[in-house]
Participant: 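Quick one: the structure is below, and I'll ask about it shortly.
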Protein chains: 2
Amino acid sequence: MDEICAKSKPRDRILDTATELFRRHGIRGIGVDAIAEAAGTNKMTLYRHFGSKDELIAECLRHQAEKFDRKWTAIEAAGDARAQLSAWIRLAGDYLEREKRGCDLANTAVELHEDDDHPARAVIEAFKIAQRDRLAVVCRAAGADDAELLADTLYLMLEGARVSRQSIGPEGPCSRFVKAAEAAVRSAIGEPRQVAAT
Amino acid sequence: MDEICAKSKPRDRILDTATELFRRHGIRGIGVDAIAEAAGTNKMTLYRHFGSKDELIAECLRHQAEKFDRKWTAIEAAGDARAQLSAWIRLAGDYLEREKRGCDLANTAVELHEDDDHPARAVIEAFKIAQRDRLAVVCRAAGADDAELLADTLYLMLEGARVSRQSIGPEGPCSRFVKAAEAAVRSAIGEPRQVAAT
DNA sequence: GCGGGAAGTTACAGACCAGTCACACCCACG
DNA sequence: CGTGGGTGTGACTGGTCTGTAACTTCCCGC
């Protein structure tokens, strides 16, 4: 963990290292000095690239949001809208099995508490709204009776699964997310024409 | 907010004040000194009653868990199992409208991050498992085709709604929780014999 | 009224933190 | 060669935090 990639530029190393350490220790649980050192650089360079710790946090989340956005290309390649819904569920399930911590953006929103002016706030809100709306578009295209309702249901279940993994652990309800989400889709639309999940 | 109740004993005032301040600022966002002062007492008295800040946090959550447990008596008074499910949803919806912050126990789990030895961990895990299992019992009694699946679905949706309120705000998907949860119950069981919700 | 335990007061230790400054360095490009 | 921009270094300010110690004061039951 000393250096994510020795040859990359300091700015990129700081961004990657900070993302990793914020995830592990929380934005209040790690200091800028420790981030800079872990990134194989120093505090001054960090402050020259990002004006403050809060700006660094916001930039990390922007980076994460873009990474999530790119996953939609894989979903859109899954076939028709009904298959895309199954692909979305499968990808979310994979994420739940892989990542011990939940969504960095949601976790940061929790850690921010009453701090409404934090630069990360706008990033989180915009990203979360976009994710839900993108899901709603697929639900509509898949012919759900009430696409908005199905999108809300799936969105809430995923958010819940990610936070539940942190309170109960991986054996709890979050391990049944895929099954529950598929059931919700089936009851709103019906079976997919060609089975997408194994 | 200076003193929650001037005449109560210091221990109770500290507990109530700490619960309130932890909710507002997060467990890392408020110091024991500020808690003691807001409770109309001092740090020494706080440390004499609770051995450490971590123990105080755990005790606050234990307190909160008992408060939630007591709400089940109202749910059980709502009638048969199907009516109890609607009562559970209505109560959760009220909670979402009333409380700006989500569940203190889940939020603390997020704030704890990799700290697996924290005394609050056991409290959170036991409480969350108990809540889900209690919900599953009602789902089974209400005659759900797959009671475990319905319990997971409702539990995940509520957890998601509470965390979503903190990232998107009260206008987002969390405002449609009641509608989505009722739809999930209807699709798993059917209409209640006597309408419980207005 | 008086004794004892609970509560308040003040000060302190030791650690951590965000952010700034002055200065030295290094390397690529002209 | 040399110069300038990006980078490294260490020290520093001023603040916050948990937890402890020694001492005083208050109040309730007897």
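Computed from a predicted structure; not experimentally measured. Residue numbers start from 1 in every chain, and the chains themselves are labelled A, B, ... in the order their sequence lines are given, proteins ahead of strands.
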Participant: Considering only heavy atoms from C-beta outward, does the side chain of A/Arg121 approach that of A/Asp117 to under 4.5 Å?
Facilitator: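 No; the side chains remain at least 4.5 Å from each other.
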Participant: Using atom NZ of A/Lys53 as one end and atom P of C/dC16 as the other, report the distance to the nearest whole Å.
Facilitator: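 Value for this atom pair: 14 Å.
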Participant: When you check the side-chain N and O atoms of A/Thr45 and A/Asn42, is any donor under 3.5 Å from an acceptor?
Facilitator: yes
Participant: Do the side chains of B/His113 and A/Arg28 get nearer than 4.5 Å, heavy atoms only?
Facilitator: no
Participant: Cation over ring, A/Arg101 on A/Phe22, under 6.0 Å and within 45°?
Facilitator: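 Ring-cation test returns no.
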Participant: Using a 4.0 Å heavy-atom cut-off across all strands, classify A/Leu46 as base, sugar-phosphate, or nothing.
Facilitator: nothing
Participant: Any chance you could list the contact pattern along nucleotides 7-14 of chain D? Use B for base contacts, S for sugar-phosphate-only contacts and - for none, protein heavy atoms under 4.0 Å, 5' to 3'.
Facilitator: BBB-----
Participant: Can you tell if the side chain of A/Glu59 reaches within under 4.5 Å of the side chain of A/His49, non-hydrogen atoms only?
Facilitator: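 No - every pair of side-chain heavy atoms lies 4.5 Å or more apart.
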Participant: Where along residues 112-121 of chain B does a heavy atom come under 4.0 Å from DNA chain C, residue by residue in number order?
Facilitator: none
Participant: Could you measure the distance from the CD atom of A/Glu99 to the CD atom of A/Gln166? Nearest 0.5 Å is fine.
Facilitator: 10.5 Å
Participant: Verify the distance criterion only: is there a donor paired with an acceptor across the side chains of B/Ser86 and B/Arg90 at less than 3.5 Å?
Facilitator: no
Participant: First locate atom CD of A/Gln131, then atom CH2 of A/Trp72, and finally report the distance between them rounded to the nearest 0.5 Å.
Facilitator: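 One gets 6.5 Å once the value is rounded to the nearest 0.5 Å.
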Participant: Can you give me the dot-bracket string for DNA chain C, 5' to 3', counting Watson-Crick and G-U wobble pairs with both distances under 3.5 Å, using [ ] for crossing pairs and | for partners on another strand?
Facilitator: ||||||||||||||||||||||||||||||
